[in-house]
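This report concerns only the one structure given below.
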Number of protein chains: 2
Amino acid sequence: MGTTQLDSVQEPKYWHLRTVLSEALDSEFSVGEILPNERDLAARFGVARATLRQALEQLELEGRLQRRRGVGTTVAPPRVGVAVGGEQHSWPGAAGDAWQAVDCAQEIPAAAVAAALETGADEPVHTVRRSRMSGGQLVATELLHIPAASVPGLTAIDAPSGAARARAVLRELHRLDLEGQDRAVELGSARADDARELDRLPGSPVLVVTTRFTVEGRTAALSVATYRADTCRLTFGDSAGVEIHHDPARRAS
Amino acid sequence: MGTTQLDSVQEPKYWHLRTVLSEALDSEFSVGEILPNERDLAARFGVARATLRQALEQLELEGRLQRRRGVGTTVAPPRVGVAVGGEQHSWPGAAGDAWQAVDCAQEIPAAAVAAALETGADEPVHTVRRSRMSGGQLVATELLHIPAASVPGLTAIDAPSGAARARAVLRELHRLDLEGQDRAVELGSARADDARELDRLPGSPVLVVTTRFTVEGRTAALSVATYRADTCRLTFGDSAGVEIHHDPARRAS
DNA sequence: CAGTGGTCTAGACCACCGT
DNA sequence: CGGTGGTCTAGACCACTGA
């Protein structure tokens with residue numbers, strides 16, 4: 001056959017495009033550089049803009065690109081490793097913790113939260129909001145649910161509300177003897193409020209880390225943390241975590 | 001104003017649609033049930049099919065729906081919790097391990113793998129392929145890279161290739177004293193081969209779990225495991241992991 | 001084979017950003 | 001304001017599934 005290779009076995013255009021762009025990013029662009037706009041790129045590759053966008057979406061999902069409305073598409077830096085607690089258990093808000101308390105409210109939890117807390121459906125719960133910075137950027141938000149029964153020493157006088165109140169709740173929590181913790185990670189999509197905080201669009205992919213803290217066999221606190229999936233690599237274990245970044249030498253198909 | 005509420009502040013149609021569908025799934029559908037086809041649904045909601053699809057994509061990402069070409073869209077069961085190793089370190093392939101060896105090849109690793117292994121770029125490496133089932137379904141594939149230098153006792157006679165060879169490599173690995181392990185989790189998109197194995201389309205979102213096993217301060221093995229993000233919830237820690245499933249009572253916006 | 005979801009097009013308009 | 005990415009449309013065709 002004279003032809004080196006026809007597109008052969010029905011690879012979707014957007015997938016092929018993703019591969020081509022990916023290689024171009026490796027060889028011809030550096031971190032932070034701005035790509036041509038979508039209309040130009042689409043024209044250059046002879047596809048509709050929607051198809052080009054499908055390829056860009058893939059690359060954004062993989063953390064290779066960053067797109068911002070009104071600005072443009074830039075080459076993303078490698079994902080930041082974000083430590084998510086290792087071997088030893090510790091309470092949220094302990095020394096050296098990367099989180100920052102934002103505020104706190106006492107409320108009746110949603111049914112699913114109450115179920116996970118193993119409390120009655122109408123038992124009051126303190127909900128502490130925290131956020132986490134990394135490299136000058138907000139990378140995660142957290143809702144920390146603590147049954148009021150877990151922190152009986154807390155008085156309304158400690159602080160009425162706001163960050164001070166949140167810290168007071170955490171202080172009370174630290175008086176308990178942490179017995180163990182379970183953790184789960186799954187893919188989710190950012191709710192509108194989280195999206196706004198994380199500077200993403202609603203529905204953006206996020207990694208949801210759910211942690212249950214147990215004291216005397218009961219659930220004393222429940223954390224639901226939402227990490228930007230595009231920029232974060234969650235690391236567990238002793239040290240900084242493995243780095244395998246995008247591999248230029250590996251073919252995608 | 002007579003109108004109870006106009007769509008108000010510019011919520012995208014697909015996002016609103018996602019919410020409406022999500023609530024419909026809670027109240028009017030049960031797991032495994034087949035939804036009307038996309039053309040009908042789009043017509044019913046008075047939107048273009050592409051817009052409807054954008055909403056369905058969100059719900060699929062969240063693990064609420066499952067779509068299969070030529071078949072239809074069904075309501076997905078809750079995600080399965082998949083244990084990803086807890087506190088105690090252990091070698092891959094140890095007793096009780098959920099993985100199944102598929103085959104093994106000795107090859108020169110890609111640059112990124114060699115870098116993570118901290119070996120020379122042209123040092124030979126055994127690459128064991130394994131797969132993991134859960135609930136009768138393949139939920140993950142793994143590439144386990146082991147520098148030939150890590151398992152010097154391995155002879156070519158043990159087994160030429162295939163699953164037997166893979167098991168022989170693991171056996172040799174178990175002779176080493178595991179010192180520690182790091183783990184990282186990040187979002188990725190399925191490469192064409194993984195996608196085929198996992199019964200997904202190329203580019204489907206996956207959770208990539210990278211684990212480095214260390215012996216005497218050096219990296220003795222490196223595992224890159226790819227989990228279906230739609231069906232899996234990765235659990236860490238002592239017990240079965242926290243379950244917070246979709247919460248009908250919580251508004252999405 | 002008919003019906004499904006997956007891909008692709010060519011256009012339009014909108015929301016947002018920086019100048 | 002002009003330029004960017006984000007949303008949306010109405011259509012077409014394709015690949016796959018199951019009867």
Side-chain angles (χ1 to χ4, degrees), chain A residues 7-19 21 33-61 64-76 189-190 192 195-196 199-205 230 253, chain B residues 6-19 21 33-61 65-76 189-190 192 195-196 199-205 230 253:
Chain A
D7 261 1
S8 66
V9 288
Q10 285 303 114
E11 190 176 50
K13 264 188 197 176
Y14 78 91
W15 186 255
H16 182 244
L17 202 49
R18 184 209 81 110
T19 306
L21 285 169
E33 200 167 340
I34 304 181
L35 266 62
N37 73 51
E38 298 182 347
R39 291 162 179 86
D40 285 355
L41 275 179
R44 182 172 317 184
F45 287 105
V47 300
R49 190 177 156 221
T51 305
L52 185 270
R53 276 180 62 79
Q54 217 174 335
L56 293 184
E57 254 150 50
Q58 285 288 332
L59 292 167
E60 195 180 29
L61 194 81
R64 310 275 324 272
L65 289 181
Q66 200 160 340
R67 300 193 285 174
R68 277 189 303 163
R69 167 154 50 179
V71 180
T73 302
T74 57
V75 180
S189 61
R196 197 167 34 251
D199 188 29
R200 302 262 64 202
L201 295 170
S204 306
D230 55 344
S253 82
Chain B
L6 221 58
D7 260 3
S8 67
V9 289
Q10 285 305 117
E11 189 177 50
K13 265 189 197 176
Y14 77 90
W15 186 256
H16 181 244
L17 202 49
R18 184 210 81 110
T19 307
L21 284 169
E33 200 167 340
I34 305 180
L35 265 63
N37 73 51
E38 297 184 349
R39 290 161 180 87
D40 284 355
L41 276 180
R44 182 172 319 184
F45 286 105
V47 299
R49 191 178 155 217
T51 305
L52 184 270
R53 277 180 61 79
Q54 218 174 336
L56 294 184
E57 253 150 51
Q58 285 289 333
L59 291 168
E60 194 180 26
L61 194 81
L65 289 181
Q66 200 159 341
R67 301 194 284 174
R68 278 189 302 161
R69 168 152 50 178
V71 179
T73 302
T74 57
V75 181
S189 62
R196 197 167 34 254
D199 190 28
R200 303 263 62 201
L201 295 170
S204 306
D230 55 343
S253 83

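The figures that follow rest on heavy atoms only: side chains count, while hydrogens, waters and symmetry mates do not. So you know, we letter chains A, B, ... as the sequences are listed, proteins then strands, and number each from 1.
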Filtered N/O pairs between nucleotides 15-19 of chain D and protein, under 3.5 Å:
unit_1: D:dA15; atom_1: OP1; unit_2: A:Gln10; atom_2: NE2; d: 2.6
unit_1: D:dA15; atom_1: O4'; unit_2: B:Arg69; atom_2: NH1; d: 3.4

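Qualifying salt bridge (charged side-chain N to carboxylate O under 4.0 Å, His left out) partners for A:Arg200, counting only residues two or more places apart in sequence or in other chains: A:Glu60, A:Asp230. Checked against side-chain contact (heavy atoms from CB on, under 4.5 Å), B:Thr73 has the following partners two or more places apart in sequence or in another chain: B:Leu35, B:Leu65, B:Arg67. Under the side chain to side chain donor-acceptor pair (under 3.5 Å) criterion, A:Glu33 pairs with A:Ser30, not counting sequence neighbours. Listed by chain and number, the residues in a side chain to side chain donor-acceptor pair (under 3.5 Å) with B:Gln54 amount to none (sequence neighbours excluded). In terms of the side-chain contact (heavy atoms from CB on, under 4.5 Å) criterion, residue partners of A:Arg196 (sequence neighbours excluded) are, by chain and number, A:Asp193. In this structure A:Ala76 satisfies the side-chain contact (heavy atoms from CB on, under 4.5 Å) test together with A:Gln66, sequence neighbours excluded. Annotation: side-chain contact (heavy atoms from CB on, under 4.5 Å) contacts of B:Leu201 (sequence neighbours excluded): B:Arg69, B:Ser204.
Residues from residues 46-54 of chain B that place a heavy atom under 4.0 Å from any atom of DNA chain C, listed by number: B:Arg49, B:Arg53.
A distance of 13.5 Å separates NE2 of B:His16 from OG1 of B:Thr51, quoted to the nearest 0.5 Å.
Contact annotation for A:Leu201: backbone-only contact, meaning every heavy-atom pair under 4.0 Å involves sugar-phosphate atoms and none involves a base.
Considering only heavy atoms from C-beta on, B:Lys13 stays 4.5 Å or farther from B:Phe45 through its side chain.
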Assess the residue pair B:Tyr14 and B:Glu57 against the criterion (side chain to side chain contact (heavy atoms under 4.5 Å, CB included)); give the C-alpha distance rounded to whole Å, side-chain angles, the decisive distance to 0.1 Å, and a yes or no. CA-CA 10 Å; B:Tyr14 77 90; B:Glu57 253 150 51; over 6 Å; no
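A nucleotide of DNA chain C counts as in contact with chain B when one of its atoms lies under 4.0 Å from a heavy atom; the first and last such, 5' to 3', are C:dG3 to C:dA15.
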